[in-house]
Amino acid sequence: MNAPVRFGRLTRSGRALVTVTLRGGVMLGVAVLALVVAYLADWPELLIVACFSGIPPIIALILVAILRPRLTVARAVSPSTLGAGTSGTVTLRVRNDAPVKTLPARWSDLLPWGETTTPGQELPPLPPHNTQTVSYSFVPPVRGIRELGPLLTEVFDPFGLARAQFAIGERSRIVVAPPSISLAPSAVEIASDRGSARLFDHRALAGEHDIMTRDYRPGDALRRVHWKASAHYGDLMVREDEKHSNARALILLDTRRRSYRDTSRVISNDRSESENFEWALSMANSLRDHWVASGLRVRVAETAVAQLADATNGDDFVESLARVRLSYQDPSAIRLTDEHRGPHGSIVAILDAPDPETIAALIAQRGSFTIAAAFLLNPTNTDLASRLEHAGWSVHRVSNAETVSQAWHALGVSDE
């Protein structure tokens, strides 16, 4: 009765699966053996043994098949969007809609990663119209748009001779995105109000050039000191006249399959296409959140066909990160700027195995950005990285065991 719950055939067929338990199987075996011996040995008394052994399991099979539980299930997933490798919680409210008490049962929830379920747990008999709340935790191994459920229940007869397995309720959709890592605000001054990446749009309209002051901070240029305000307050005050900010940043993400050296030929729900690509997506997600929180207008460009949503729409962008796949397309040119929108203040490129043409495109368009930085994942061609550095790019070579936050900090150290 405590055997693990297995629902492979049930979930594929969508129908109930009625079987005998080990105890019921032994009794049916004894009944069949008694019938055979009674026939061969002409021993009619064994027919009584066959009846006593065989009839109870058959009645139990009919009982569990007829008394299908009338349950409704409400599933709540928290959080509805989570990062790969992080823990989520599912809460299930199971209600008995039948006018009779349910039979003893075990429950399990179907997980989308392979033919797996949560460990089977006891579901106590529910009185009519009563509700039972159960929960479990799960950790998605890979990103993607997935569905949890349905709830799988295994009902036993009172004597444990037969079981019936049912799928109850609907599936619940979850978004498993690449994890967003909190980045240190002081690592790189790309997103700083004082950084050179800020582009300010001073309108030439009368009365719109608002002048404000703040306390002097070490590093502020003396030309920005507001002497009249300093004399009034008795401390050095700095002119803060950059109210109309129009700061921009660009994230370049390589999404071409041939640009990643660790791609897997076998596509599976339980493993990613490329661990390097997953690292790049996590860095892109972290950078986007970090820069948006700093007040920048962020855009994400891809080297292949566009799959990602507008980075200014957080929910849509995260969902597109969960869906994105490596592309077999190979555009002839990589264009980073849009003449209709003007130049961008900052760019960060995340690359694994860029070809010389990609490096040449980055070098050619370097002048459109005030600050340009690149993360190269385990680079084997040091000449390409050196070419970027000579062209004015800040380059960080990411090692195998390096995390997103460590790489971000290392880029900030190398940029000082």
Assess the side chains of [X] and [Y]: does a donor N or O sit below 3.5 Å from an acceptor N or O?
X: Asn400; Y: Asn378; answer: yes
X: Asp254; Y: Thr303; answer: yes
X: Asp310; Y: Thr312; answer: yes
X: Arg75; Y: Ser172; answer: yes
X: Thr118; Y: Ser108; answer: yes
X: Asp383; Y: Ser386; answer: no

Nearest-0.5 Å distance that lies between atom [atom1] in [X] and atom [atom2] in [Y]:
X: Leu67; Y: Ile62; atom1: CG; atom2: CD1; result: 11.5 Å
X: Arg93; Y: Thr131; atom1: CZ; atom2: OG1; result: 5.5 Å
X: Ser264; Y: Phe277; atom1: OG; atom2: CZ; result: 14.0 Å
X: Gln307; Y: Gln329; atom1: CD; atom2: CD; result: 9.0 Å
X: Leu28; Y: Leu33; atom1: CG; atom2: CG; result: 12.5 Å
X: Leu152; Y: Arg106; atom1: CG; atom2: CZ; result: 12.5 Å

Evaluation steps, salt bridge (charged side-chain N to carboxylate O under 4.0 Å, His left out), between Asp355 and Arg256: CA-CA 11 Å; Asp355 51 36; Arg256 296 170 299 182; 3.7 Å; yes
Is a side-chain donor or acceptor of [X] paired with a backbone partner of [Y] at a separation under 3.5 angstrom?
X: Arg143; Y: Ala322; result: yes
X: Ser286; Y: Ser282; result: yes
X: Arg366; Y: Phe369; result: yes
X: Asp352; Y: Arg261; result: yes
X: Arg70; Y: Pro99; result: no
X: Glu275; Y: Asp262; result: no
X: Asp316; Y: Ala309; result: no
X: Ser230; Y: His226; result: yes
X: Asn285; Y: Pro178; result: yes
X: Arg95; Y: His129; result: yes

Check: Pro150 and Leu110 side chains under 4.5 Å, non-hydrogen atoms: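 SC-SC contact between Leu110 and Pro150 confirmed.
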side-chain contact (heavy atoms from CB on, under 4.5 Å) assessment of Leu253 paired with Val324: CA-CA 11 Å; Leu253 181 64; Val324 65; 5.8 Å; no
Under-4.0 Å salt bridge between Arg397 and Glu402: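 The answer is no: the pair does not qualify as a salt bridge.
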Centroid-centroid under 6.0 Å between His290 and Trp408 rings: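 Yes, ring centres under 6.0 Å apart.
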Intermediate values then yes/no, salt bridge (charged side-chain N to carboxylate O under 4.0 Å, His left out), Arg173 and Glu147: CA-CA 4 Å; Arg173 179 177 176 271; Glu147 288 184 332; over 6 Å; no
Identified side-chain contact (heavy atoms from CB on, under 4.5 Å) counterpart of Leu287 within the set Val404, Leu296, Leu183, Ile181: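 The single option meeting the side-chain contact (heavy atoms from CB on, under 4.5 Å) with Leu287 is Leu183.
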Phe159 atom CZ, neighbour heavy-atom count above 12 within 6.0 Å: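 Result for CZ/Phe159: open.
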Criterion side-chain contact (heavy atoms from CB on, under 4.5 Å) on Val176 and Val142, from CA distance to verdict: CA-CA 7 Å; Val176 184; Val142 293; over 6 Å; no
